Amino acid sequence: MDQDAIQSAIRRVFDNVGNVAIPSHLGVQEFSAYQPGFEPEPTLTEYSVRVIPIKTPVLKSLIATDLINDEGYQIGLMECEDVVPKSGDQLRIQDTVFSIIQAAPVDLNADLLFEVWYR
């Protein structure tokens, strides 16, 4: 399967599951170029994403292999087209802001579908 076919299939799944895919926002903190003697000012850029909450991880993740058993973690499948999510990014689902603990691609490197652990 080529990358375009994978991306198209992922979009169709998120479109067809209706309200199960929750429209959300991914907040990515970015820093301007470093200037000696000045503290860099972070800016938060928000991207529209969709999240499907799941209970069981798709991948054998770092958290699962480290045997962290913390009920505070939530797991979701995120459709994110504009940027690759990473640990430390903010995920706003409805009115609740979470911090992403771990993000891993699950779409054969099509850069659209990610398993995210957040709390």
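Positions are given from 1, in the same order as the sequence printed here. As the structure is a prediction and not an experimental result, all values here were calculated from the model.
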A.B. asks: Hey, quick one: are Tyr47 and Phe14 part of the same hydrophobic cluster, counting side-chain heavy atoms closer than 4.5 Å, chains of contacts allowed?
C.D. replies: no
A.B. asks: Any side-chain heavy atom of Met78 sitting closer than 4.5 Å to one from Pro85?
C.D. replies: yes
A.B. asks: Taking Asn109's backbone N and O only, do any of them form a donor-acceptor pair with Gln3's side chain (distance below 3.5 Å, no angle check)?
C.D. replies: yes
A.B. asks: To the nearest 0.5 Å, what is the distance between CG (Leu113) and CD1 (Ile52)?
C.D. replies: 8.0 Å
A.B. asks: Would you say the side-chain atoms of Ser87 and Gln102 include a donor-acceptor pair closer than 3.5 Å?
C.D. replies: no
A.B. asks: Side-chain heavy atoms under 4.5 Å apart, restricted to Ile/Leu/Val/Met/Phe/Trp/Tyr: what other residues fall into the cluster of Tyr34, or is it alone?
C.D. replies: none
A.B. asks: Is there side-chain contact between Ile100 and Gln90, with heavy atoms separated by less than 4.5 Å?
C.D. replies: no
A.B. asks: Phe31: which other cluster members, linking ILVMFWY side chains closer than 4.5 Å, directly or transitively?
C.D. replies: none
A.B. asks: Would Val116 end up clustered with Leu108 when hydrophobic side chains under 4.5 Å apart are linked, directly or stepwise?
C.D. replies: no
A.B. asks: Tell me, which pairs form a salt bridge (Lys or Arg N to Asp or Glu O under 4.0 Å) where one or both residues lie in residues 12-24, sequence neighbours left out?
C.D. replies: Asp15-Arg50
A.B. asks: Considering only heavy atoms from C-beta outward, does the side chain of Leu77 approach that of Val51 to under 4.5 Å?
C.D. replies: no
A.B. asks: Is it the case that the side chain of Asp2 and the backbone of Ile6 share a donor-acceptor pair, with hydrogens and angles ignored and the cut-off at 3.5 Å?
C.D. replies: no
A.B. asks: Under 3.5 Å, sequence neighbours excluded: what are the donor-acceptor pairs made by side chains of residues 21-29?
C.D. replies:
{"from": "Ser24", "atom 1": "OG", "to": "Ile22", "atom 2": "O", "distance (Å)": "3.0"}
{"from": "His25", "atom 1": "ND1", "to": "Arg92", "atom 2": "NH2", "distance (Å)": "3.4"}

A.B. asks: Would you compute the distance between atom CD of Gln35 and atom CD of Glu41 and round it to the nearest 0.5 angstrom?
C.D. replies: 10.5 Å
A.B. asks: Restricting to salt bridge (charged side-chain N to carboxylate O under 4.0 Å, His left out), what partner residues turn up for Asp89, sequence neighbours left out?
C.D. replies: Lys86
A.B. asks: Are the side chain of Gln74 and the backbone of Pro53 linked by a donor-acceptor contact shorter than 3.5 Å?
C.D. replies: no
A.B. asks: With Ile93 as reference, evaluate Asp95, Leu91, Val97 under the side-chain contact (heavy atoms from CB on, under 4.5 Å) test and give the passing residue.
C.D. replies: Leu91
A.B. asks: Please test Glu115 against Ile75 for side chain to side chain contact (heavy atoms under 4.5 Å, CB included), starting from the C-alpha separation and ending with a verdict.
C.D. replies: CA-CA 7 Å; Glu115 177 186 280; Ile75 305 167; 4.0 Å; yes
A.B. asks: Output the distance between atom CG (Leu112) and atom CD (Gln7), rounded to the nearest 0.5 Å.
C.D. replies: 5.5 Å
A.B. asks: Test of understanding: with ring-ring contact (aromatic ring centres under 6.0 Å, His included), list the residues that count as partners of Tyr118, not counting sequence neighbours.
C.D. replies: Phe98
